Structures are given as structure tokens and as C-alpha cells.
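All values reported here derive from a predicted model rather than from experimental measurement. Each residue takes its place number in the sequence, starting with 1. Values below: every heavy atom of this structure, side chains too, minus hydrogens, waters and symmetry copies. Ligands are counted one by one from 1 in listed order, and the atoms in each one are counted from 1 as well.
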Amino acid sequence: MEKILNYINGELKSPVSGNYFENINPATGNPYSLIADSDEKDVEMAVTAAQEAFKSWSEMPVNKRSHFLLKISNLITENLERLARAETIDNGKPISLSRKVDIPRAASNFEFYATAAMHLSSEAHITHTEAVNYTLRHPMGVAGCISPWNLPLYLFSWKIAPALAAGCTVVAKPSEVTPMTAFLLSELCIKSGLPPGVLNIVHGMGTKAGAAIISHKNIPAISFTGGTKTGEWIARTAAPMFKKLSLELGGKNPNIIFADCNFELAVKTSVQAAFSNQGEICLCGSRIFIEKSLFSKFREAFVQKVKELKPGNPLNEQTRLGAIVSEQHMQKILSYIQLAKDEGGKILTGGNRIFLEGENKNGFFIEPAVIEGLAYDCRTNQEEIFGPVVTLTPFETEEEVLRYANSVVYGLSATVFTENLSRAHRIAAALHSGIVWINCWLLRDLRTPFGGMKQSGIGREGGFEALKFFMEEKNVCVKL
Ligand code: NDP
């Protein structure tokens with residue numbers, strides 16, 4: 001079986017321990033490659049390489065650094081088909097999604113930060129006739145970047161690209177559940193001529209290799225995307241070491257449908273928002289609140305569309321709903337569907353594990369589930385499920401729906417459908433979410449601040465925010 005190796009100091013390396021564990025294809029349930037089971041020894045080697053590379057990388061003129069990142073972006077685009085296939089086999093997502101969204105976005109992340117770095121400027125403050133203050137920004141040093149399994153290369157590159165563009169060197173770990181495209185990226189980095197040690201990728205388990213990155217004394221900045229529970233552990237570990245932290249965590253996002261909405265648009269977009277990537281996107285709208293006068297009409301149209309969404313072999317071009325990423329995650333989702341029933345919810349469609357035929361007969365597939373009849377504050381409506389499960393809840397007033405929407409511990413994103421402009425602005429301002437989409441979902445501009453409130457995280461990614469995160473600011477005051 002193919003071995004997924006570490007990328008340290010410009011070379012592909014076996015883990016020091018010599019140990020590997022199996023990587024499972026979720027659409028077949030079978031192992032298909034072996035992952036380096038790295039530990040603190042591998043992380044130590046990666047940090048040493050990154051520290052050695054830091055001086056020349058951080059002092060390199062920004063347009064030269066940018067050149068390397070553009071090269072990587074172009075190589076991702078040239079290898080789009082290979083990477084898309086790898087992402088789909090590793091994660092279970094439909095190949096159409098990998099081709100259209102995941103891999104092009106990874107290329108865009110490198111392109112965006114390659115060019116953004118050349119436009120970063122610093123401020124000057126004139127203190128009357130007395131002094132001039134200006135801001136210097138220095139790259140922090142070695143950055144630690146850790147990403148989850150749902151959008152593997154997309155989110156991995158969303159951290160690595162700004163860190164490298166800012167002049168940091170990087171030690172990164174992808175999720176052990178979906179490490180393949182990060183491994184392929186390391187091959188592309190070698191091809192691009194990226195200097196050794198600038199980017200180091202260590203594979204393995206979160207609690208071992210990941211934890212070693214978080215607690216390493218020579219990694220002063222950590223950019224993490226993943227679950228809120230892991231984020232809490234990271235915050236607890238990193239805070240006493242005074243590390244700079246960016247945490248992008250879980251969500252339980254509301255999708256609010258007012259009776260004055262564009263109905264066709266609201267139904268179509270709500271289906272996408274609920275079930276894209278099998279509902280495994282932190283931005284998925286998993287709680288749909290519908291104004292009472294529209295409730296039954298919406299429910300009927302929504303359920304009908306969801307029934308057309310059949311899980312299938314992710315490698316088929318026609319498939320729109322693929323496999324759940326792992327057996328463990330599938331069991332978690334199924335347990336939440338059982339909880340919804342126990343809490344008195346009525347399943348309008350889906351909710352069962354299904355077994356496909358042929359090579360997919362042991363794959364991890366769940367029919368998309370639509371549930372109604374639950375209180376807004378029950379566990380099903382409060383906890384992140386992160387799968388193809390959505391609840392429908394009626395409301396009567398703006399005040400009521402805001403109370404429902406804001407009742408969770410999360411505050412990542414929200415979607416609102418209304419044709420009433422004043423209402424749209426009013427609701428957007430009142431929602432406790434880092435991102436609000438009006439009459440759309442997941443429409444992204446990489447320049448905008450991206451991140452969550454409350455237990456959805458700390459800090460913002462995107463635009464210059466991410467570049468500045470990887471830099472230390474210094475004020476210089478010159479007396480006139
Ligand atoms: P996890 O928190 O389990 O894992 C995320 C990453 O952290 C993985 O690489 C994991 O490695 C690693 N990790 C786990 N434990 C530790 C540790 N103790 N120290 C360091 N690293 C560790 O999240 P999931 O991978 O299950 O991802 C799903 C979650 O991510 C959901 O909650 C989702 O909402 C959130 N998410 C948030 C986004 C946002 O932008 N806010 C975007 C996408 C997802 P390993 O896999 O090897 O355990």
C-alpha cells in the first residue's frame with residue numbers, strides 16, 4: 001500500500017518510529033494507504049528545519065516569496081484532476097465538488113496570499129508636531145497550522161498560504177482522517193523548488209503529532225481549525241505559553257426563511273446549505289426556521305427536493321451526496337438521529353444508513369434526514385451534528401426567531417431569506433454570527449473577515465487579517 005510520508009526539510013521522510021496506520025476509503029470501508037504515525041521526535045525535526053529556514057525565508061524580498069507561492073498555485077491547477085480524485089477517495093465527497101470547489105479553492109488560496117502579501121502596507125501616525133509613529137510588522141517565526149478532515153486541502157492551504165506569504169516558516173498537520181492531498185501537496189512543493197524547511201508537513205494523530213506541535217516551545221503562533229472541544233484543549237495548553245492563537249471551531253448555523261422570500265431560491269439554497277459535502281461543512285445551515293405562514297409549503301417543497309438527493313459512489317460524476325468521512329463519524333450522526341427521535345422529533349425523510357452495491361457495499365452512507373417537531377432548545381437543535389441532518393422549526397415574529405437563532409453556544413454563520421431590505425439589515429445586525437448571508441449561502445470573497453463568535457472561535461481568517469495574524473506588530477516612535 002502507498003505510504004503517506006512526512007515532508008521535512010524539503011524531503012519525504014518515514015516517521016522516526018517507523019510506525020504507520022491504515023487510511024480508510026470511506027466509500028468502500030477498506031484501507032487503501034498507510035499514514036506515518038509521527039510523534040514528538042518528527043515534530044522536533046520539523047521545527048528545527050523550520051527554524052533554520054526562517055532567516056532566509058523571512059528576509060527574502062516579498063515578490064520572490066510570492067513567486068514560490070504562485071508556482072505552487074499553478075502546480076495545484078495543473079494537477080487538479082489527480083488531486084480531486086485523491087480528495088474524493090480520502091474524504092468521500094462527490095468528485096464534482098472536489099473538482100469545482102475544493103481543489104480550485106486550494107489553488108486560489110495560494111494565489112490570493114501570493115499577491116496579497118505584496119499589497120500589505122503599514123500605518124503612520126503623526127503626533128502633532130512632536131513625533132512620527134510608524135508600525136513595523138515582522139513574521140512571528142515558525143507557525144503551527146492544524147486543519148480538519150471536511151475540506152482537507154482547501155482548509156490546509158487556507159492557513160499555510162498566509163503564513164508563508166507573511167514570511168513565517170511552517171510546521172503543519174492535516175487530519176489523520178484525510179491526509180492524502182497534503183501529502184500530494186508536499187510532492188508539488190518539492191517540484192516547485194520551495195527552499196527546504198520553509199514548509200514541513202507532519203502526519204499522524206492529533207493527540208500525538210498535533211499535540212506536539214501545539215505544545216512546542218519554539219512555535220509562537222498556532223492557527224487551528226477543528227472541533228470546539230479540541231480548540232478548548234489547545235487554548236488551555238497554548239495560553240500559559242503566551243502563544244498567538246487563531247481558532248476556527250464548530251457551528252450550529254441557523255437558516256431563517258421569511259414568508260416574503262424568493263421561494264424557489266430559498267428552497268434550492270437551503271437544500272445546498274444543509275447537505276453540501278454531506279452536511280460536513282462548518283457553515284452548513286442545520287437549523288431551518290420558517291415563518292409560520294410559509295411553513296407547510298416550504299416543508300413540502302424542501303422534503304421533495306431532499307428525497308431526490310440519493311447517496312452514491314463519490315467517484316461518479318452524477319453523485320451529489322457522497323460517503324460520510326469515517327465509520328466513527330457515521331455512528332455519531334446516527335446516534336444524533338436516534339436522539340432526535342427520543343426527543344420527540346418526527347423524521348420526514350431519510351435518517352438511515354444505507355448500503356450501496358458493488359465496491360461500495362461496506363461504505364459509510366446515510367440518507368439525508370429532515371426532522372420536524374423539536375423544541376429550539378433541545379439537544380438536537382443545540383449540539384453540532386456535522387452531517388446530513390436538518391431540523392425544520394416554525395416561528396411567528398422576528399424577535400422569536402432571533403431568540404431561537406442566537407440560543408446556541410456557537411456563532412459561526414447564518415443565512416436569511418427575505419425580500420425586505422430593512423428587515424435583512426436589521427436581522428443581520430442582531431444575529432450572533434461571524435458571517436451572515438442574505439439570500440445566498442457560501443458566497444465567498446477571500447478578502448472578507450472569516451470566523452466565528454462565542455464557542456465558534458477566536459480571531460478572523462481571510463484578507464489581510466490572516467497575514468497580520470502571522471506577524472508581530474511593533475510601533476516605532478521618532479521624536480521630531
Ligand atoms: P478535530 O478537532 O477532531 O480535529 C481537527 C484537527 O486537529 C485534526 O487535524 C486533528 O487531528 C487535530 N487534533 C485533534 N486533537 C488534537 C490535539 N489534542 N492537539 C492538536 N491537534 C489535534 O475536528 P474534526 O477534524 O473532527 O473536524 C470537524 C470540526 O471542525 C467540526 O466541529 C467543524 O465545525 C470544525 N470546522 C470548523 C471550521 C471553521 O472554519 N470554523 C471549518 C471546518 C470545520 P486528527 O484528525 O489526526 O485527530
Side-chain angles (χ1 to χ4, degrees), residues 4 21 23-24 35-40 43 90-91 93 102 105 144-160 171-180 182 201-216 219 222-238 243 245-253 276-286 324-326 328-330 332-333 336 383-387 408-413 433-435 442 444 448-462 466:
I4 292 177
F21 57 95
N23 189 20
I24 309 289
I35 308 167
D37 186 4
S38 310
D39 57 29
E40 70 283 352
V43 169
D90 219 19
N91 171 278
K93 66 177 68 214
D102 289 76
R105 172 61 191 276
C145 299
I146 298 188
S147 57
W149 48 255
N150 64 326
L151 301 166
L153 192 61
Y154 175 134
L155 289 176
F156 196 59
S157 52
W158 184 230
K159 300 185 173 304
I160 289 169
V171 176
K173 193 195 89 66
S175 168
E176 81 197 43
V177 185
T178 55
M180 186 55 94
I201 302 176
V202 180
H203 294 277
M205 296 178 190
T207 47
K208 198 170 12 171
I213 293 174
I214 301 300
S215 47
H216 199 290
I219 299 185
I222 302 282
S223 175
F224 171 82
T225 299
T228 293
K229 229 172 146 192
T230 316
E232 187 196 320
W233 181 84
I234 289 173
R236 247 187 295 126
T237 308
K243 295 189 181 215
L245 271 187
S246 165
L247 299 174
E248 299 293 338
L249 310 175
K252 184 78 177 176
N253 311 305
S276 287
N277 207 44
Q278 300 73 247
E280 296 165 334
I281 302 182
C282 51
L283 306 162
C284 276
S286 53
I324 300 300
V325 74
S326 67
Q328 191 191 8
H329 192 56
M330 176 182 69
K332 177 188 158 188
I333 295 168
Y336 268 105
E383 297 175 16
E384 185 184 44
I385 300 174
F386 215 53
V408 294
V409 295
Y410 300 105
L412 189 53
S413 72
S433 305
I435 303 148
L442 204 47
R444 294 275 294 120
T448 59
F450 177 90
M453 297 180 179
K454 302 196 276 185
Q455 293 188 21
S456 287
I458 298 173
R460 295 292 180 269
E461 296 189 309

Exam field: side chain S38 to backbone V202, donor-acceptor pair closer than 3.5 Å: no

Checking the side chain of R460 only, and the main-chain atoms of G452 only, is there a donor and an acceptor separated by less than 3.5 Å? yes

Looking at S413, is its backbone amide N or carbonyl O close enough to the side chain of N253 to form a donor-acceptor pair, meaning the two atoms are under 3.5 Å apart? yes

Would you please write out the protein residues whose heavy atoms approach any atom of ligand 1 to under 4.0 angstrom, listed by chain and number? I146, S147, P148, W149, N150, L155, K173, P174, S175, E176, G204, M205, G206, G210, A211, I214, F224, T225, G226, G227, T230, W233, E248, L249, G250, G251, C282, E384, F386, L412, F450

Mind checking side chain to side chain contact (heavy atoms under 4.5 Å, CB included) for A211 and listing every partner two or more places apart, or none if nothing turns up? W233

Qualifying residues under side-chain hydrogen bond (donor to acceptor under 3.5 Å, both in side chains), relative to K252, sequence neighbours excluded: none

Atom pairs and distances, donor-acceptor, side-chain atoms in residues 144-156, under 3.5 Å, two or more places apart:
| from | atom 1 | to | atom 2 | distance (Å) |
| --- | --- | --- | --- | --- |
| N150 | ND2 | E280 | O | 3.1 |
| Y154 | OH | R105 | NH1 | 2.6 |

